[in-house]
Number of protein chains: 2
Amino acid sequence: MSSSAQPARSPSPRYGARPTMKDVAARAGVGLKTVSRVVNGEPGVTPDTERRVQDAITALGFRRNDSARILRKGRTASIGLVLEDLADPFYAPLNRAVEEVARAHGALLINGSSAEDPERERELALAFCARRVDGLIIIPAGDDHRYLEPEIAAGIATVFVDRPAGRMDADVVLSDSFGGAREGVAHLVAHGHRRIGFIGDRPRIHTATERLRGYRAAMAAAGLPVDESWVSLGTTAPERVRTEAERMLSGPQPVTALFAGNNRVTATVVRVLARSQRPVALVGFDDLELADLLSPGVTVVAQDAARLGRTAAERLFRRLDGVAEPPQRVELPTRLIIRGSGELPPAEG
Amino acid sequence: MSSSAQPARSPSPRYGARPTMKDVAARAGVGLKTVSRVVNGEPGVTPDTERRVQDAITALGFRRNDSARILRKGRTASIGLVLEDLADPFYAPLNRAVEEVARAHGALLINGSSAEDPERERELALAFCARRVDGLIIIPAGDDHRYLEPEIAAGIATVFVDRPAGRMDADVVLSDSFGGAREGVAHLVAHGHRRIGFIGDRPRIHTATERLRGYRAAMAAAGLPVDESWVSLGTTAPERVRTEAERMLSGPQPVTALFAGNNRVTATVVRVLARSQRPVALVGFDDLELADLLSPGVTVVAQDAARLGRTAAERLFRRLDGVAEPPQRVELPTRLIIRGSGELPPAEG
DNA sequence: TAGAGCCTAGACAACGTTGTCAGATCCGGA
DNA sequence: TCCGGATCTGACAACGTTGTCTAGGCTCTA
């Protein structure tokens with residue numbers, strides 16, 4: 001055992017030897033503050049001095065440490081986005097739209113997936129707050145967001161998207177789930193259907209219950225009864241959705257049409273119907289890629305995910321610019337896209 | 001004008017009045033370091049003291065400022081991901097997979113889209129470096145990454161995905177584009193096609209040229225000539241792809257099959273073929289949602305985007321754990337999924 | 001009861017940057 | 001020649017946290 005008594009001078013020399021402004025200053029033979037001025041393009045530096053500093057910067061490969069800058073300035077120029085699943089094609093355009101707006105405001109984007117787990121949503125949001133993001137955009141997984149109150153009070157602007165905050169008054173941008181579902185179901189009714197099934201997401205999710213409410217409203221408006229066996233709320237796992245769809249399609253009083261509560265449900269139902277003998281009408285909430293190429297094409301109630309994200313992000317940055325208004329609820333319209341599956345007439349089993 | 005001579009004490013009082021450890025310490029009647037110990041769960045604090053501190057923390061709504069922590073510790077527990085487009089369904093699962101691995105290692109994810117613009121890729125990567133991310137995962141847009149050399153030398157681990165780094169030796173994880181394309185084209189040849197078109201992405205993109213190389217190799221292996229009018233590289237904008245596909249399908253020597261170089265191209269080609277009188281065979285690179293439900297189903301060469309992301313992230317964290325090996329190139333296999341469109345026999349115009 | 005040893009607690013410096021302020025230099029005009 | 005003013009520059013403190021080091025109180029044993 002050689003006693004290699006390394007003194008371990010500095011606490012943690014992780015980075016090779018990251019030069020600091022001090023190093024640059026020493027090399028250029030100027031003061032620390034002058035380097036800061038050059039790096040930040042502040043006025044009051046002679047061209048000659050500036051060149052000397054620039055040379056030292058490139059020679060040493062200096063890059064400003066934004067952690068220190070953030071600590072000093074108090075603003076991070078970054079925002080956090082908590083969404084349900086980075087891999088869900090519905091949220092991808094929303095993510096991108098938020099990024100574009102952030103970029104236009106010179107901010108970076110930190111994001112994470114809650115996986116519909118309220119605890120994980122909370123962890124992520126609070127971790128972002130600890131990083132002192134300037135603002136948060138959240139697609140709620142949980143139904144109680146009071147944990148964010150101290151953060152918001154401390155100045156972290158927060159906007160909710162797709163679903164409202166729970167037990168709290170805050171800005172929210174969402175699609176008109178109720179109206180969209182009502183329109184979609186009314187469309188099926190208009191094509192002669194009287195027994196219409198509804199397969200949606202878990203009832204804890206706001207949009208799921210809103211869409212169910214829209215379904216019931218459309219049925220009621222048409223004077224149609226709703227048999228509770230036609231209604232199914234639960235996970236969007238393909239097995240469950242398939243079982244439920246098959247159940248509704250069989251039995252003594254089978255449905256002649258289905259309304260699918262979101263993109264994942266629609267994709268599964270399309271697969272089930274592809275194997276069905278009898279033609280069954282379908283309207284889905286959320287658009288799907290290639291939906292127009294299936295036969296029949298899938299009629300959907302489309303929401304504009306990119307616009308949701310853009311609107312929320314713009315609202316956030318208005319808040320960051322100091323606009324103080326009471327929390328606002330923005331509801332974006334949906335659009336019924338007719339492609340064939342929703343226009344099939346009722347066919348008895 | 002009332003002369004409200006506010007002295008503006010602190011430089012920028014952005015945050016309402018974020019309490020610090022000092023405030024907590026004062027309120028709990030303990031020393032600063034004791035608060036730090038409690039917050040970080042370090043040993044050596046009496047249960048009684050700990051409770052007093054915890055009470056003060058909740059009373060004040062304290063949350064540790066990670067910017068200061070990062071500055072002090074030198075590690076940020078965050079990684080940066082630069083991809084091409086957050087909204088591209090192909091990259092979404094990759095994004096998610098990277099996030100999962102980061103989460104398992106207690107790291108946050110910062111990400112951004114390069115939009116295939118090398119300059120923007122560079123800006124993003126360097127902005128992440130200024131934030132002192134521990135590591136970078138990059139889907140290259142440019143073909144010269146030497147700008148990262150100082151950063152890597154300074155200790156920022158970097159792994160490239162989907163395409164290799166330009167003019168630099170670095171870790172890279174990618175799919176076997178050459179082999180996949182060759183297999184897909186050979187599949188068409190095996191079904192009797194002799195005139196096969198290839199529509200790919202811009203030649204600056206590594207995967208695009210690799211897939212073209214695979215196409216040529218398969219044709220050559222079958223002893224088939226390639227007419228240059230059958231080959232098209234350029235943007236994946238639908239208009240261009242449509243024009244090119246229509247061009248190849250008409251004329252004196254029309255192709256009887258098409259190979260589509262990526263998911264966006266495939267989606268457009270499927271639309272073109274849907275309107276074609278004559279059945280034309282198609283194999284696409286990258287899988288598509290609902291591809292199995294079209295008629296015919298779309299035969300594809302699928303890559304596992306999630307595995308790409310997972311593999312790259314795991315490699316990155318091994319590097320961060322101090323594994324020092326020469327840069328490594330990992331090539332993941334692709335998988336031919338037979339669904340019908342690739343098995344159509346040649347049909348003369 | 002004294003000394004050794006352990007445990008808890010706090011003082012202090014440092015991380016790398018930026019805001020404040022004051023010193024140094026140079027110019028033109030009287 | 002000297003002064004006012006403008007311009008350029010650097011010393012210093014502060015941002016909020018963590019690592020180091022030392023002080024003080026306690027227990028235990030001889």
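Below, chain A is the first sequence line, B the second, and so on; all start at residue 1.
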### Message
Restricting to non-hydrogen atoms, name the atom on Arg120(A) and the atom on Ser113(A) that form the minimum distance, rounded to 0.1 Å.
### Response
NE-O, 3.1 Å
### Task
Among the candidates dT8(C), dG19(C), dT17(C), find the nucleotide nearest to the side-chain atoms of Met21(A).
dT17(C)
### Query
So what does Ser36(B) touch, heavy atoms closer than 4.0 Å: a base, only the sugar-phosphate, or nothing?
base
### Task
Identify the two heavy atoms, one from Ile137(B) and one from Ala313(B), that lie closest to each other, and give their separation to 0.1 Å.
CD1-CA, 3.7 Å
### Task
Answer with base, sugar-phosphate or nothing: what part of the nucleic acid does Gly44(B) contact at a heavy-atom distance below 4.0 Å?
sugar-phosphate
### Query
Heavy-atom contacts under 4.0 Å between residues 60-69 of chain B and DNA chain D, which residues?
Phe62(B), Arg64(B), Asn65(B), Ala68(B), Arg69(B)
### Query
Starting at CG of Leu71(A) and ending at P of dG16(C), how long is that distance when rounded to a whole Å?
12 Å
### Message
I need the full list of ring pair (Phe, Tyr, Trp, His ring centres under 6.0 Å) pairs touching residues 34-67 of chain A, with sequence neighbours left out, sorted by first then second residue.
### Response
none
### Under 4.0 angstrom between Thr20(B) side-chain N/O and dC15(D) OP1 or OP2
no
Please list each protein N or O that sits under 3.5 Å from an N or O in nucleotides 10-13 of chain C, with the distance.
from    : atom 1 : to       : atom 2 : distance (Å)
dG10(C) : OP1    : Gly31(B) : N      : 3.3
dG10(C) : OP2    : Gly31(B) : N      : 2.7
dG10(C) : OP2    : Thr34(B) : OG1    : 2.6
dG10(C) : N7     : Arg37(B) : NH2    : 2.7
dG10(C) : O6     : Arg37(B) : NH2    : 3.4

### Query
Are any non-hydrogen side-chain atoms of Arg318(B) and Arg315(B) less than 4.5 angstrom apart?
yes
#### Entry: Step-by-step side chain to side chain contact (heavy atoms under 4.5 Å, CB included) determination, Arg69(B) to Arg72(B)
CA-CA 5 Å; Arg69(B) 167 172 236 249; Arg72(B) 186 61 233 254; 5.8 Å; no
### Query
Does Arg131(B) reach the side chain of Ile70(A), with side-chain heavy atoms less than 4.5 Å apart?
yes
### Spacing between Asp23(A) atom CG and dC15(C) atom P, to the nearest angstrom
11 Å
### Query
Atom CD of Glu42(B) to atom C1' of dT20(D): distance rounded to whole Å?
12 Å
### Task
Calculate the interatomic distance between Lys22(B) atom NZ and dA9(C) atom P; express it in whole Å.
21 Å
### Message
Under 4.0 Å, heavy atoms only, any strand: does Val45(A) hit a base, just the sugar-phosphate, or nothing?
### Response
sugar-phosphate
## Note on the structure
Rounded to whole Å, the CZ-P distance (Arg75(A) to dG16(D)) equals 15 Å
### Query
Would you say Arg64(B)'s side chain and Ala130(A)'s backbone share a donor-acceptor pair under 3.5 angstrom?
no
### Message
Run the ring-ring contact (aromatic ring centres under 6.0 Å, His included) test against Phe128(A) and tell me which residues pass, sequence neighbours left out.
### Response
none
### Task
With axes from five pairs an end, tell me the bend angle of the helix from dT1(C)-dA30(D) to dA30(C)-dT1(D), nearest 10°.
60°
### Task
Would you kindly give the CG-to-C1' distance between Asn40(B) and dG16(D), to the nearest whole Å?
13 Å
### Message
Looking only at the side chains, is there a donor atom on one of Glu151(B) and Thr158(B) sitting less than 3.5 Å from an acceptor on the other?
### Response
no
### Query
Looking at residues at least two apart in the chain, or sitting in another chain, which of them share a salt bridge (Lys or Arg N to Asp or Glu O under 4.0 Å) with Arg310(A)?
none
### Message
Would you say Lys73(A) places a side-chain N or O within less than 4.0 Å of OP1 or OP2 belonging to dG19(C)?
### Response
yes
## Note on the structure
Here the distance between atom C1' of dT7(D) and atom CD of Glu50(A), to the nearest Å, is 15 Å
### Donor-acceptor under 3.5 Å (Asn40(B) side chain, Ser36(B) main chain)
yes
### Query
Counting only N and O atoms by type, is there a donor-acceptor contact under 3.5 Å from the side chain of Ser67(A) to the main-chain atoms of Leu71(B)?
no
